[in-house]
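A, B, ... follow the sequence lines: proteins, then strands. Residue 1 opens every chain. Model, not experiment: these values are computed from the prediction.
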There are 2 protein chains.
Amino acid sequence: MSHTHVHESHDQLKDALDTLKQTGVRITPQRHAILEFLVQSMTHPTADDIYKALEGKFPNMSVATVYNNLRVFREVGLVKELTYGDTSSRFDFVTTEHYHVICESCGKIVDFHYPGLDEVEQLAAHVTGFKISHHRMEVYGTCTDCSHKDLH
Amino acid sequence: MSHTHVHESHDQLKDALDTLKQTGVRITPQRHAILEFLVQSMTHPTADDIYKALEGKFPNMSVATVYNNLRVFREVGLVKELTYGDTSSRFDFVTTEHYHVICESCGKIVDFHYPGLDEVEQLAAHVTGFKISHHRMEVYGTCTDCSHKDLH
DNA sequence: TATTACTTTATAATCTTTATAAACAGTTTA
DNA sequence: TAAACTGTTTATAAAGATTATAAAGTAATA
């Protein structure tokens, strides 16, 4: 089971590096590390999370490098930037299409698969005349941990 | 037609002021002006938009006042805070339930009514165990104006 | 090797938002 | 009415996230 997961994330990283090669984006040690961290990460980290996580391996790395490369990854389509209510953006390695359920108490983000809302896009296109490119949806609530804490 | 709209926004403002009274929030001239601007506004303004729009009437008003009162309005449920990709939050006077279609080229926001996605919340609750409070969805694309501009 | 283009680092600057303290105004209480 | 209290605004500073800039470094190309 975890064996499978290791293989999965290994492949995902390899695919991501291939994408970079094909797009002509240089694969620097920093980029490799940031991607690796994003692929493995089950949390949806902020730029600062990534910066802190890698400062052991790259003591000289600049915050700007993290931001620069997250922008590069986003432009290439490897990474999605999530802007929730809180102060800083969160970054999500793009895999299959899924939505997020966010705990308003502790900030935990859980992935949540749901068959596409294509009809929403179609209706929006029809009503507004826009050329629709994509949509975004999240569900907010309280996770089980926080629900239990409230009882005490 | 516009006659109707005037009445509508007048009523909306009146309702909003009633809500403030009932909640025990003082109605200051600044609050009145901010609410009035929000109700009339068809764009979804940032705090700075509001600040700039009212500096003629209130030359001494502080930016903090705008932020403070937007927070107050949000806590009372009169206003919804929207965090899109761009740098600053946008504020939307709460009327009926609707979604937004956002032009990625010029930032225009068009309202868009769609029957609730209650089932999404139910499924999310079932799958994750969260107590769901609400969800958020937007559709992104290119508006007709910008689509035409691209052709030239 | 020389040149060029890209990347990182370090730092400063910008921008949004929040915090703080003093001045003000409205309301309540004695 | 005077005093006390509470909430509000203002002005300003501070915090935090992100971007811009310039110098130094590194890889790619001719």
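In this entry the distance linking CZ of R74(A) with C1' of dT18(D) reads 11 Å, nearest Å. Atom-to-atom, OH of Y51(B) to P of dT18(C) comes out at 16 Å; the value is rounded to the nearest Å. Rounded to an integer number of Å, the gap from K21(B) NZ to dT27(C) C1' is 16 Å. Distance R90(A) CZ to dA17(D) C1': 13 Å, rounded to the nearest Å. Here dT8(D) presents its P atom at 11 Å from CD1 of I27(B), a figure rounded to the nearest Å. Counting to the nearest Å, the C1' atom of dT8(C) and the CD atom of E55(A) are 17 Å from each other. Following rounding to the nearest Å, L70(A) (CG) and dT18(D) (P) show an atom-to-atom distance of 10 Å. In this entry the distance linking CZ of R71(B) with P of dT8(D) reads 11 Å, nearest Å.
The side chain of S88(A) has dA17(D) as its nearest neighbour among dA17(D), dT7(C), dT8(D).
Applying the side-chain hydrogen bond (donor to acceptor under 3.5 Å, both in side chains) rule to K14(B) yields no partners; only residues at least two apart in sequence or on another chain are considered.
Ring pair Y140(A)/H134(B) is parallel by interplanar angle, where below 30° counts as parallel and above 60° as perpendicular.
Proximity of H100(A) to D92(A): side-chain heavy atoms (C-beta onward) are separated by under 4.5 Å at one or more points. Using a 4.5 Å heavy-atom cutoff, the side chains of L82(B) and F91(B) are not in contact. Side-chain contact check for V72(A) versus R31(A): some heavy-atom pair is nearer than 4.5 Å. Using a 4.5 Å heavy-atom cutoff, the side chains of L70(B) and I50(B) are in contact.
When each of A47(A) and V25(B) is assigned the nucleotide of DNA chain D with its nearest heavy atom, V25(B) is the one assigned upstream, toward the 5' end.
Between the CZ atom in R136(A) and the OH atom in Y99(A) there is a gap of 12.5 Å [rounded to 0.5 Å].
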Protein N or O to nucleotides 25-27 of chain D N or O, pairs below 3.5 Å:
none

Extract from the structure each pairing of a protein N or O with an N or O of nucleotides 9-13 of chain D at less than 3.5 Å, listing the distance.
{"residue": "dT9(D)", "atom": "OP1", "partner": "T28(B)", "partner atom": "OG1", "Å": "2.5"}
{"residue": "dT9(D)", "atom": "OP2", "partner": "N69(B)", "partner atom": "OD1", "Å": "3.2"}
{"residue": "dT9(D)", "atom": "O3'", "partner": "Q30(B)", "partner atom": "NE2", "Å": "3.0"}
{"residue": "dT10(D)", "atom": "OP1", "partner": "Q30(B)", "partner atom": "NE2", "Å": "3.2"}
{"residue": "dT10(D)", "atom": "OP2", "partner": "S62(B)", "partner atom": "N", "Å": "3.3"}
{"residue": "dT10(D)", "atom": "OP2", "partner": "T65(B)", "partner atom": "OG1", "Å": "3.0"}
{"residue": "dT10(D)", "atom": "O5'", "partner": "N60(B)", "partner atom": "O", "Å": "3.2"}
{"residue": "dA11(D)", "atom": "OP2", "partner": "N60(B)", "partner atom": "O", "Å": "2.9"}
{"residue": "dA11(D)", "atom": "N7", "partner": "S62(B)", "partner atom": "OG", "Å": "3.2"}

Quiz item: Can L35(B) and L13(B) be said to form a side chain to side chain contact (heavy atoms under 4.5 Å, CB included), step by step?
Solution: CA-CA 7 Å; L35(B) 268 185; L13(B) 180 57; 4.0 Å; yes

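The backbone N or O of T19(B) lies less than 3.5 Å from a partner atom in the side chain of T23(B), making a donor-acceptor pair.
Remark: Y67(B) is not in phosphate contact with dT18(C), judged by side-chain N or O atoms under 4.0 Å from OP1 or OP2.
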